[in-house]
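Structure first, commentary second.
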Protein chains: 2
Amino acid sequence: MLKLTKKADYGLMALKYLAEHPETPALSAKEIADAYGIPAQLLAKILQRLTKTGLLKSHAGMNGGYALAKDAEKISAFEVILSIDGPFFITSCTKGAHGCDLTPSCTIKEPLARVNDTIAGVLKSISISDLAEDGQTVPKAAAHGLVTLTLS
Amino acid sequence: MLKLTKKADYGLMALKYLAEHPETPALSAKEIADAYGIPAQLLAKILQRLTKTGLLKSHAGMNGGYALAKDAEKISAFEVILSIDGPFFITSCTKGAHGCDLTPSCTIKEPLARVNDTIAGVLKSISISDLAEDGQTVPKAAAHGLVTLTLS
DNA sequence: AAATATCCGACTTCTTCGGTCCTCATTCAG
DNA sequence: CTGAATGAGGACCGAAGAAGTCGGATATTT
């Protein structure tokens with residue numbers, strides 16, 4: 001529950017891998033897939049999607065492959081997940097386009113919408129470069145309790 | 001993606017409904033289900049689960065039903081979702097019990113674990129009573145940009 | 001021309017979610 | 001005591017979505 005899809009995971013991993021190899025002009029889907037042991041054809045489709053949404057540049061032919069379209073610092077986890085999995089909403093009824101199909105009972109939705117916004121905000125604040133920089137950039141001891149949330 | 005299950009939604013709705021009717025000693029699953037137009041038998045199982053985890057008290061027999069086991073302020077959305085859907089992790093590999101089945105490539109996981117913690121924190125900060133109190137308790141205009149996230 | 005890539009849609013397989021059905025246990029009213 | 005109402009809970013099914021595969025078309029370098 002409340003999980004990222006594996007595709008999104010794979011996409012993040014691939015982008016991280018690309019960010020860690022800035023010297024190479026392009027890496028093929030197969031190379032990246034082999035590096036992580038994930039299905040090559042599946043990753044290929046993911047990378048194609050990221051290309052279509054402008055996060056990657058692609059180059060066909062021999063020695064072709066993919067490269068980041070912008071700086072790793074400028075690509076957020078939010079963009080990646082959005083590109084791969086489409087818009088997400090924590091609640092089933094979006095409460096925007098067509099409202100709720102249930103009785104007008106969805107008073108629950110307003111508080112949860114704020115949760116949704118919070119999650120989106122967190123994901124937007126994380127960039128690919130945050131994932132890359134090998135090892136822990138953040139002191140492990142401080143990994144908990146460092147989140148301050150202000151709800152109104 | 002990244003959605004709550006309908007069961008969790010239903011559970012939250014039901015608890016909200018119970019919180020809004022503190023005078024009645026017990027409400028049957030059918031009553032609540034009818035109020036929201038959701039399948040009675042499905043809701044029944046959800047309520048049974050919430051009973052087993054101690055969030056609800058149940059009473060069989062005629063005029064039986066369910067009632068909150070503690071104050072609505074003391075029940076968090078987190079507990080409810082956890083009870084219904086089980087423990088959630090934003091990443092597929094928990095990195096705790098059995099680690100990652102992929103190559104030790106999961107350097108991604110540490111930052112995402114913090115995202116996970118953040119989400120859990122937000123859900124813990126929302127109580128059933130927050131859902132209940134009819135209308136918007138929080139000024140709508142302030143619904144955006146009120147989240148402060150400190151990442152180390 | 002051949003090898004290596006991306007590109008892209010169709011398809012299968014697998015899991016999970018949403019939902020139903022049926023049975024048993026408990027409690028209260030008459 | 002009996003029966004209606006209710007909770008408890010297992011078995012099951014269909015639909016939907018996720019994960020992964022296949023096949024072919026196009027582009028690019030050698």
Checklist line | Per A:Ser28 side chain, nearest of listed nucleotides C:dT6, C:dG19, D:dG7 | finding: C:dT6

Next item on the list: Write down the distance between CG (B:Leu56) and P (D:dA8), rounded to a whole number of angstrom.
Entry: 9 Å

Next item on the list: Working to the nearest 0.5 Å, report the span between CG of A:Asp85 and CD1 of A:Ile46.
Entry: 9.0 Å

Next item on the list: Determine, step by step, whether A:Ile128 and A:Leu12 satisfy the side-chain contact (heavy atoms from CB on, under 4.5 Å) criterion, reporting the C-alpha distance in whole Å, the side-chain angles of both residues, the deciding distance to 0.1 Å, and the verdict.
Entry: CA-CA 7 Å; A:Ile128 296 301; A:Leu12 288 171; 4.2 Å; yes

Notebook entry, point to check: Hey, is the main chain of A:Ala8 close enough, under 3.5 Å, to the side chain of A:Thr5 for a donor-acceptor pair?
Noted result: yes

Item checked: Comparing A:Thr51 and A:Lys45 on DNA chain C - which has the more 5′ nearest nucleotide -> A:Thr51

Margin query: Distance check, rounded to the nearest 0.5 Å: B:Lys3 atom NZ versus B:Asp9 atom CG?
Written below: 10.0 Å

Note to self: Without decimals, in angstroms, what is the distance between A:Ile32 CD1 and C:dA5 C1'?
What the structure shows: 13 Å

Check: How long is the line joining CG of A:Asp85 and C1' of D:dA19, in whole Å?
Finding: 12 Å

Item checked: DNA chain C: 5'-proximal contact among A:Tyr66 and B:Lys7 (nearest heavy atom) -> A:Tyr66

Notebook entry, point to check: What is the distance, rounded to the nearest whole Å, between atom CD of B:Gln48 and atom P of C:dT23?
Noted result: 17 Å

Item checked: Under 4.0 angstrom between B:Tyr10 side-chain N/O and C:dG19 OP1 or OP2 -> yes

Next item on the list: Could you tell me the separation between the CG atom of B:Leu27 and the C1' atom of D:dA5, rounded to a whole number of Å?
Entry: 15 Å

Tell me which donor-acceptor pairs under 3.5 Å the side chains of residues 56-75 of chain B have, and how far apart each pair is, sequence neighbours excluded?
| unit_1 | atom_1 | unit_2 | atom_2 | d |
| --- | --- | --- | --- | --- |
| B:Lys70 | NZ | B:Glu79 | OE2 | 3.1 |

Check: For B:Leu47 and A:Ala40, take the nucleotide of DNA chain D holding the closest heavy atom to each; which residue's nucleotide lies nearer the 5' end?
Finding: B:Leu47

Margin query: I want to check something: taking the side chain as every heavy atom from C-beta on, are B:Ile126 and A:Val115 in contact at a cut-off of under 4.5 Å?
Written below: yes

Notebook entry, point to check: Which whole-number value in Å describes the distance from A:Ile38 CD1 to D:dA19 C1'?
Noted result: 12 Å

Next item on the list: Can you tell me the distance, in whole Å, between the CD1 atom of A:Ile46 and the C1' atom of C:dC8?
Entry: 15 Å

Margin query: I want to check one thing: is the phosphate of C:dC7, taken as OP1 and OP2, less than 4.0 Å away from some side-chain N or O of A:Ser58?
Written below: yes

List, with names and distances, any nitrogen or oxygen atoms from the protein found under 3.5 Å away from nitrogen or oxygen atoms belonging to nucleotides 26-30 of chain D.
| unit_1 | atom_1 | unit_2 | atom_2 | d |
| --- | --- | --- | --- | --- |
| D:dT29 | OP1 | A:His59 | NE2 | 3.3 |

Check: So do the side chains of B:Pro111 and A:Asp130 get within less than 4.5 Å of each other, counting heavy atoms only?
Finding: no

Next item on the list: For A:Lys3 and D:dG17, give me the distance from atom NZ to atom P, rounded to whole Å.
Entry: 17 Å

Next item on the list: May I ask you to say what A:Ala44 touches in the nucleic acid, namely base, sugar-phosphate or nothing, with a heavy-atom cut-off under 4.0 Å?
Entry: nothing

